[in-house]
Amino acid sequence: MPDFLGRFTYETRDTSTNFLANIAKKKFSFDEKKPSEVLKANKWFTDDYNCDPTVCAMLNMLDEIHSRYNRIEKPNLTDNLERLQFYVLLLEKFDMNDELYIKMNSRGLSLIPFENFKASIVRYMKKYPNAIYGGDKPEDGEIPYWLDFISKIDARWIDIFWQNPTTNDSCKINEEILINDNEIGNRYFRFLNRYFFTKAAILKGVDDKKLHALPYFFTHDCEDPEAEKRLRGWNNYVDLFNLITDSQKDISLPSAKYPVFSAIERILETFLTHQDFILKCIHADPYGNTSNFDVLRKDKYLLPDKIIFAATTEFIENLPEEKDFNSEEVKANFKRMIRVAHNIIENTTIESDIPAVGVINALSEIIHYKGAIVDNFYYSLATNDLKSRNEQLKDEKEKAKEMFDDNGNYNQTWEDAFKKAEKHPFFKGSVSFFFTPKAGSSQDFSNRYSVIGNLFDENGITEDYRKNKQHILIRAMLSCLNHWDRSGLQDRFFTEKADNKDKYLKALVTGCPEVRTMFCNYFIDTSINIDDYLRNIVRDASCRPDETNTSFKMLYRRLINDDNSSAIFDDVADRESSRGCFRIQNNRSYVIMIPSKWYDQLVLDTERHIIIPSLINDYSFDYYDDNQRKQIDSLLHDYWGWGVDIHKKLKFNNKEYSLRLIFNAYKQVEFYVYGSNVTDLELCFGITNNTIKEGICLPEKVPYQLDNNKQVIIDKISEIENKLATLQQ
């Protein structure tokens, strides 16, 4: 037997101590027998051992281990004893708090991760330099801080976490309420780990476009279901505690007295007393992102939940020592902060933890502004310089500025006007696209809202401004982007609907300065109605004066103010319903298309819809595909695909031929000749390495784009016909 097993003991009763000493003296061979049978057969095993419940429990466990490892054919375990690990809780100095040991011992269960976490916290606090959390003995009649903190976890704050997540009316008076210690510990742990994620996100954030290791640990490793089974990565906790401590050295906050843990204490105390108020404010989310937020939730804890939790804990942590949520001003500022947070969450693309960390840092920044918590949150937002680049936060700052006059007097009517407009089912917090700072009263803004609000509804652009009015609104907005770059029409998705997950319509409405200018300019002179204003915008739309790209100019005209532009948007509306949104692209030609749908695209930078019908009418060509005929003859004037084929029959010297023209996406005309004697065709046109069995493909391709290119095509047709006429019978 390994010598170190002799040091293993368990001191409750003499019998259990002696039992362990005896089985550690020599190596036993169990073979096919149960360990309990082998051990009971020894002379030293008396009836006293059978009366000791600890010994009986040990024998049962040895039998179960023996059975388990025999089933998996791994009977020899002594070679792997180094893999046996224990969580150790040092209790020798718990002379004032041995109820923890008693509770653990009496239930006979292994420690859950949260209990191991508490034990690690105690060890960390007691070893902290200068003993700022207190020593092992009371000082001046008061228990040390670490003991007070741990005791509150076990007693006072447990009320936040013990309840079952049910409504109050589901519990009957005098009905027995079952308490699940394991679930309580897991809820505690989730709450604290999510707080630690907030601090790690603020202190470490993102490195090289990747989440730093610390916030990654607290949001991925700690949210893993396996985390409920064991405490992992204690070194990450220590690293974060040290970071938090260093960040508070020059801060005169209550939390600086007892770094890390006094902030947690403040947060838990606040949730204990004011959780109903806090949750009511969060659940008032008009956009639904956090309306189901729950601090106890295990599943469906989404990115908006992380952000709103972070904003809440940051706000509480930064409360001045003499303030709490009993203060009406604190309550008012918390509501204001939550309103801003809801607007930012709704109007920021948050698809991973990286942008979520950005939003958390933005909210932390404005919460830390002087006066944000105890004076007026809006005034602090209005009067401080933003470091964050979050666009919605910049808009919130502009709105906050409008709420105060030059003397800093607050005007409640502005907040009311903004809140009313923000609740519009399409705007959802983003109203800056029709708001001009310092351009009138709150009533003037409300008048603006009454006009612009009628253009949109929860589905996007209202039905009246779609087909009924020739899609005038979407055309007017797109007309503002009269340049071919990323901020203009290049690669832009467009739609009149609001129900796509990428919010393409809202991005066009709220994310383009030119579109904002268009809406705001209407209110400079409202002598005409909004419909006539939009029609004038479309009628007068043109590319930038310095634009020389003919293809883009053609696309822009056909999409915005061509006689048949509305027909394009009619067709887009029909096709996008089940196939996605259209995108404006330079993909061989300037087109609008649904990505990956080759047949859902319209070429807009050629006049082949003029050239082809003239060849059909004047030179006896016909369409290769009747669907192409229908498309060219329609108001759309082009085919939803890349190439348009036409052909005609020819007869020379009693020989029949077929001439085929393909107007391809590269703005080139390809020429094919088919006939019964391919060899004669190859000799006539000087074709080598021909791969077409029924005919030949001529190597020359004639460029086309505008109608005035047609003569070159006609000349090529005549050249081909003349050569065919020279072939001998």
Side-chain angles (χ1 to χ4, degrees), residues 347 391-392 394-396 398-399 401-402 413-414 416-483 487-489 492 494-498 503-545 556-557 559-561 565-566 569:
N347 293 289
E391 291 299 323
Q392 183 62 33
K394 293 177 183 178
D395 289 345
E396 295 301 322
E398 289 300 319
K399 287 186 279 186
K401 283 178 164 181
E402 205 71 26
T413 63
W414 268 107
D416 296 339
F418 284 135
K419 288 170 71 173
K420 179 180 179 181
E422 288 167 358
K423 289 182 180 179
H424 187 285
F426 176 71
F427 301 162
K428 291 185 176 180
S430 185
V431 298
S432 63
F433 69 95
F434 62 91
F435 163 57
T436 303
K438 305 301 179 184
S441 66
S442 59
Q443 184 58 52
D444 293 327
F445 174 79
S446 295
N447 294 339
R448 290 188 176 207
Y449 170 64
S450 66
V451 173
I452 304 300
N454 288 328
L455 304 179
F456 302 90
D457 58 23
E458 66 273 11
N459 298 314
I461 295 175
T462 59
E463 287 295 333
D464 190 38
Y465 281 88
R466 297 189 192 188
K467 191 170 185 177
N468 291 348
K469 294 183 178 177
Q470 298 184 314
H471 309 275
I472 194 67
L473 181 54
I474 186 68
R475 291 164 64 194
M477 290 190 291
L478 290 175
S479 76
C480 299
L481 309 181
N482 59 351
H483 42 99
S487 64
L489 289 180
R492 182 170 295 278
F494 66 96
T495 177
E496 295 173 294
K497 298 178 180 180
K503 302 180 181 179
Y504 294 127
L505 177 59
K506 193 166 186 180
L508 174 63
V509 172
T510 65
C512 300
E514 299 95 332
V515 175
R516 174 178 179 171
T517 299
M518 181 199 79
F519 281 116
C520 290
N521 282 352
Y522 170 71
F523 298 100
I524 296 174
D525 177 12
T526 56
S527 58
I528 62 173
N529 63 44
I530 188 68
D531 292 8
D532 290 336
Y533 175 75
L534 295 172
R535 291 190 185 96
N536 292 342
I537 292 286
V538 169
R539 180 197 64 200
D540 299 334
S542 63
C543 295
R544 287 178 176 175
Y556 183 84
R557 178 182 58 80
L559 200 60
I560 304 302
N561 50 19
S565 293
S566 61
F569 287 92

From [X] atom [atom1] to [Y] atom [atom2], the distance as rounded to the nearest 0.5 Å:
X	Y	atom1	atom2	result
Leu455	Phe426	CG	CZ	10.5 Å
Lys503	Thr495	NZ	OG1	14.5 Å
Ser566	Lys469	OG	NZ	14.5 Å
Trp414	Ser446	CH2	OG	8.0 Å
Glu422	Tyr449	CD	OH	10.5 Å

message = side chain to side chain contact (heavy atoms under 4.5 Å, CB included) for Ser479 and Ile537? Distances and angles first, verdict last.
response = CA-CA 8 Å; Ser479 76; Ile537 292 286; 3.5 Å; yes
Is it true that [X] and [Y] make a salt bridge, defined as a side-chain N closer than 4.0 Å to a carboxylate O?
X	Y	result
Glu463	Arg466	yes
Lys399	Glu402	no
Asp532	Arg535	yes

query = Would you say Arg475's side chain and Gln470's backbone share a donor-acceptor pair under 3.5 angstrom?
reply = yes
When you compare the side chains of [X] and [Y], does any donor N or O come within less than 3.5 Å of an acceptor on the partner?
X	Y	value
Ser527	Asp525	yes
Asp531	Tyr465	yes
Ser441	Asp444	yes

key: Worked check of ring pair (Phe, Tyr, Trp, His ring centres under 6.0 Å) between Phe434 and Phe523   = CA-CA 9 Å; Phe434 62 91; Phe523 298 100; 7.3 Å; no
ask   = So which of Asn347, Thr510, Asp395 actually passes side chain to side chain donor-acceptor pair (under 3.5 Å) with Ser432?
value = Asp395
query = Does atom NZ of Lys420 have more than 12 heavy-atom neighbours, drawn from other residues, nucleotides or ligands, at distances under 6.0 Å?
reply = no
ask   = For Glu398, does the CD atom have more than 12 heavy-atom neighbours from other residues, nucleotides or ligands under 6.0 Å away?
value = yes
task = Kindly indicate, with the supporting measurements, whether the criterion side chain to side chain contact (heavy atoms under 4.5 Å, CB included) is fulfilled by Ile452 and Tyr522.
result = CA-CA 10 Å; Ile452 304 300; Tyr522 170 71; 5.6 Å; no
